2 protein chains.
Amino acid sequence: MTKNNAADNETDALKIRTMEELSTRVGISRPTLSRYFQDAGSVRPSTRQRIEAALRDIDYVPNFFATKMNRKSTGLIGVIVPHLSDLFYTSLIEAIETTALETDHMVITQNSLGDPVLEARAIQNLISMSADGVIMAPIGEASSLSAVARLKEHLPTVFVDSRFPNEFQDVDYVGTNNTQSVSLIVDYLCRSGESPVFLGMPRLNSNSLERENAYRASVTEHGFEAQVIAPGIAQSGWNFEEYGFRLMDEYFSRGQYVGDTILCANDRLAIGAIRAVHRHRLFKPDAGRGKTVRIAGHDDHPLSAYVYPSLTTVAQNSTAMARAAVEQLVDQISNGRRSGAGVVRRFDAELRLRDSA
Amino acid sequence: MTKNNAADNETDALKIRTMEELSTRVGISRPTLSRYFQDAGSVRPSTRQRIEAALRDIDYVPNFFATKMNRKSTGLIGVIVPHLSDLFYTSLIEAIETTALETDHMVITQNSLGDPVLEARAIQNLISMSADGVIMAPIGEASSLSAVARLKEHLPTVFVDSRFPNEFQDVDYVGTNNTQSVSLIVDYLCRSGESPVFLGMPRLNSNSLERENAYRASVTEHGFEAQVIAPGIAQSGWNFEEYGFRLMDEYFSRGQYVGDTILCANDRLAIGAIRAVHRHRLFKPDAGRGKTVRIAGHDDHPLSAYVYPSLTTVAQNSTAMARAAVEQLVDQISNGRRSGAGVVRRFDAELRLRDSA
DNA sequence: CTCCCATTTTTACGCGCGTAAACTTTGCAT
DNA sequence: ATGCAAAGTTTACGCGCGTAAAAATGGGAG
């Protein structure tokens, strides 16, 4: 097709485009071929060998659309994330893909780019593809409500990482146990030094408020006063590093805060905060307790171990979350939609003690 | 469908599932509806209004598979990447998605997870979907050859970021001008201090050797001797940070190298190398020329500006590369496949001077 | 009001394969 | 050999929509 077509013809003597052609070519009826392509083990071993022998020099693939057309299950799992340029989401996606591989599903990833309009379009696409189910990390804006409502009417849906605070309580949710994860790190910080100040993330999703509240509760329980820097500013975008740097730069400009401990709502904020720490020369690696600023994060971002100082944080179990999300989907698919409250599965985080606190 | 179905029925009086049903419901023939959904501007304004008015409370979406079935163009662009947990690839994907949005294409992203078997499956999927074209960042292993050969026989293909060194010279390629980018940073490093030692990346793709060769040529041209640490070890996986840390940790253990300059083949290696620098306490922020280790990278990874010290590097123009890749695809689609050598478009990189060198 | 062109409607077929039903062949135990 | 269940073949229909062709309708220019 590209160069001389004489060379091409030596192997693929005749171009097989449809299963019908394959049928006459191999000498096996189309229904049998159909069964073979859906489950190679469902045909007799001898005929399977005949088919596979022929397939070795035929170059035929069943048409994707035609195979999904007249079928109850498409074997497709949709995944919607707000961004790809965040290693937490990509970790989640890869874990979902790995899980889906085992259950023989294909995953269709849709990136909403933080835009509710594109999120709605992504939902539209997945509905029109009759996906078996959708795992969605919602942006969390109010303008998404109607689109998400349509989604859950049409397809089995599971929220992951984040959910809507008041709506869709009937939709399954898989996420981190923020109460546990935050109190875990607050406990550690309180015991090992000053009680932490909290750098909140923008109010982009449910984690923002949940973690902030968890901080308040935990630090109060330890007998300290909650102190929150930038309580979830609304419009701030997804550039967390820049956001964390900017706010902490201002913060440090207002005083010395030499012995402060800062707990960041996520690692990307912490990475930005660390940059501010260095700019104000507040990190003293060899100083004792109370002599250097301490930073802690949340999530265990893949690069947290490589920043300087390496980031003390709590690790979200994204593999378990991905697996659970797929499980909930499979459960909805096989057992049908339940009515009433959705299943909520929250996973505990683990402490990752490193050098920053 | 979830709760009481009395509430559901008030808006969607009758569930419209097919265009046929929509047709009788709205009172407009199916062929006209078909034209509307393919191009809303192709019907008379008055009928368009009638359709859209009806659509406001109907909740109908044309079936994805049926619409792609009997059509010359599917409007699908496939993207295959070796990994999602690398912000360079995700930047590229998001740029491609943004570009595709303008040309009204939908992008199907396939992650090969660094596995040639999965890469072959991804190719299979895209062929079976009759994608209009495929943008592929190949893993680069020999076992991929036959699958890629099939791909380029079936669909317009463009390699991006990396290509095969000896095969598929007839396939379009969009990448960074490694000769320019590397000599740019080598020039700077030579002029501002010691000539750089080179930390090569594993031989996972064509960039590995290209950048190493570019380093050798450039540093020799400056009258220095090329010195390469770990010349592209073959089997090493994609965990570049760990790889960079491990090798530089060993390297620094063998001596002091106080005034050394290390140029890393990419930023992720550099981030690992910086960790090794800190472990050996070789970074002295206030030391003068020749008194502290200097590190430089390549790519301008999104986090390069946030590590400490912030990473001096050269920025790949991933936006331009994404746009060019789509352009080449569109060109192949509309003008047909050309024979002979593929179009090669390489983009220059820009220096990003920061604190690490 | 008439004529004409642009839209729309009717009618019909096809895309490639899933799948059901009835029949025929195969393989293996008795 | 005989019998029977498993597997394969024939036949036929349907999925939801693209699309072509011919006929019917509409609206604006004259």
Side-chain angles (χ1 to χ4, degrees), chain A residues 15-55 58-76 106 124-132 154, chain B residues 15-52 54-55 58-76 106 124-125 127-132 154:
Chain A
K15 292 286 177 190
I16 304 292
R17 302 195 45 73
T18 76
M19 212 178 263
E20 197 74 51
E21 295 174 20
L22 217 220
S23 169
T24 69
R25 181 88 150 72
V26 184
I28 288 185
S29 71
R30 193 175 65 71
T32 301
L33 289 176
S34 177
R35 288 179 50 214
Y36 166 80
F37 281 110
Q38 292 175 59
D39 177 9
S42 65
V43 301
R44 194 187 303 155
S46 60
T47 64
R48 174 174 179 173
Q49 285 175 11
R50 282 176 56 199
I51 297 174
E52 288 174 346
L55 241 38
I58 292 256
D59 184 20
Y60 162 79
V61 196
N63 180 287
F64 184 84
F65 306 118
T67 57
K68 312 292 182 195
M69 265 291 263
N70 189 18
R71 209 182 211 171
K72 66 295 298 156
S73 164
T74 54
L76 264 32
M106 174 173 172
Q124 188 103 309
N125 288 337
L126 295 176
I127 290 177
S128 77
M129 294 173 69
S130 311
D132 286 355
H154 284 274
Chain B
K15 294 286 178 188
I16 305 293
R17 302 195 45 74
T18 76
M19 211 179 261
E20 196 76 52
E21 295 174 20
L22 216 220
S23 168
T24 68
R25 181 87 150 74
V26 184
I28 289 184
S29 71
R30 192 175 66 72
T32 302
L33 289 177
S34 176
R35 288 178 51 214
Y36 166 80
F37 282 110
Q38 292 175 61
D39 177 9
S42 66
V43 300
R44 192 188 303 155
S46 61
T47 65
R48 174 173 178 174
Q49 284 174 11
R50 281 176 56 199
I51 297 175
E52 289 174 346
L55 242 36
I58 291 256
D59 183 22
Y60 163 80
V61 197
N63 179 287
F64 184 85
F65 306 119
T67 58
K68 312 292 182 194
M69 263 292 266
N70 190 18
R71 209 183 210 171
K72 65 293 298 156
S73 167
T74 54
L76 263 31
M106 174 172 171
Q124 188 103 309
N125 288 337
I127 291 176
S128 76
M129 295 174 68
S130 311
D132 286 356
H154 284 273

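Just so you know, these numbers come straight off a predicted model, no measurement behind them. Proteins come first, then strands; the chains are lettered A, B, ... in the order of their sequence lines, and each starts at number 1.
- Side-chain atoms of T24(B) and E20(B) form no donor-acceptor pair, as typed in the model, at a separation below 3.5 Å.
- Contact between the side-chain N/O atoms of T47(A) and the OP1/OP2 oxygens of dA7(D) is not found at any separation under 4.0 Å.
- Listed nucleotides: dG16(C), dT9(D), dC17(C). Nearest to the side chain of I28(A): dT9(D).
- Among the atoms of the strands shown, only primed sugar atoms or phosphate atoms (P, OP1, OP2) are found under 4.0 Å from some heavy atom of T18(A).
- In this structure, the CG atom of D39(B) is 12 Å from the P atom of dT19(D), given to the nearest Å.
- Taking atom CZ of R17(B) as the reference point, atom P of dG14(D) lies 17 Å away to the nearest angstrom.
- Q38(A) places its CD atom 16 Å from the P atom of dA7(D), with the value rounded to the nearest Å.
- Place K68(A) and R48(B) on DNA chain C by their nearest nucleotides, and R48(B) ends up nearer the 5' end.
- Residue-to-nucleotide contacts include no donor-acceptor pair under 3.5 Å from the side chain of R35(A) to the base of dG18(C).
- Side-chain nitrogen and oxygen atoms of S34(B) include none within less than 4.0 Å of the OP1 or OP2 phosphate oxygen of dC17(D).
- In this structure, of dT9(D), dG16(C), dG16(D), it is dG16(C) that holds the atom nearest to the side chain of N63(A).
- No donor-acceptor distance shorter than 3.5 angstrom exists from the side chain of S23(B) to the backbone of M19(B), with no hydrogens or angles considered.
- Distance from the side chain of A66(A) is smallest for dG16(C) among the nucleotides dC17(D), dG18(D), dG16(C).
- With hydrogens and angles ignored, no donor-acceptor pair under 3.5 angstrom links the side chain of R44(B) to the base of dG27(D).
- At least one donor-acceptor pair closer than 3.5 Å links the side chain of R50(B) to the backbone N or O of G27(B).
- Going from atom CE of M19(A) over to atom P of dC15(C) covers 15 Å, rounded to whole Å.
- Distances shown here put every side-chain N or O of S29(B) at or beyond 4.0 Å from the OP1 or OP2 atom of dT8(C).
- Between the S128(B) side chain and the V61(A) main chain, no donor and acceptor come within less than 3.5 Å of each other.
- Atom P of nucleotide dG18(C) and atom CZ of R30(A) are separated by 7 Å, given to the nearest angstrom.
- Going from atom CD of E20(A) over to atom C1' of dG14(C) covers 14 Å, rounded to whole Å.
- Here the side chain of P31(B) is nearest to one of dT8(C), dT11(C), dT10(D), namely dT11(C).
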I would like to know whether E52(B) and R48(B) meet salt bridge (Lys or Arg N to Asp or Glu O under 4.0 Å); could you show each step before the answer? CA-CA 6 Å; E52(B) 289 174 346; R48(B) 174 173 178 174; 3.2 Å; yes
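- In this structure, of dC17(D), dG8(D), dT10(C), it is dC17(D) that holds the atom nearest to the side chain of T67(B).
- For dC17(D), one of the phosphate oxygens OP1 or OP2 lies less than 4.0 angstrom from a side-chain nitrogen or oxygen of Y60(B).
- Remark: P of dT7(C) and OH of Y36(B) are 17 Å apart, rounded to the nearest angstrom.
- Counting only heavy atoms from C-beta on, N70(A) has its side chain closest to dG14(D) among dT10(C), dG14(D), dT19(D).
- Out of dC17(D), dG18(C), dG16(C), the shortest distance to the side chain of R71(A) is found at dG18(C).
- Listed nucleotides dG16(C), dT8(C), dT19(D) differ in distance to V43(B); the shortest reach to its side chain belongs to dT8(C).
- With S34(B) contributing its side chain and R30(B) its backbone, the two residues share no donor-acceptor pair below 3.5 Å.
- If you check dT19(D), dG16(D), dG18(C) against the side chain of K72(B), the one that comes closest is dT19(D).
- Look at CD on E21(A): it is 8 Å from P on dG16(C), rounded to the nearest Å.
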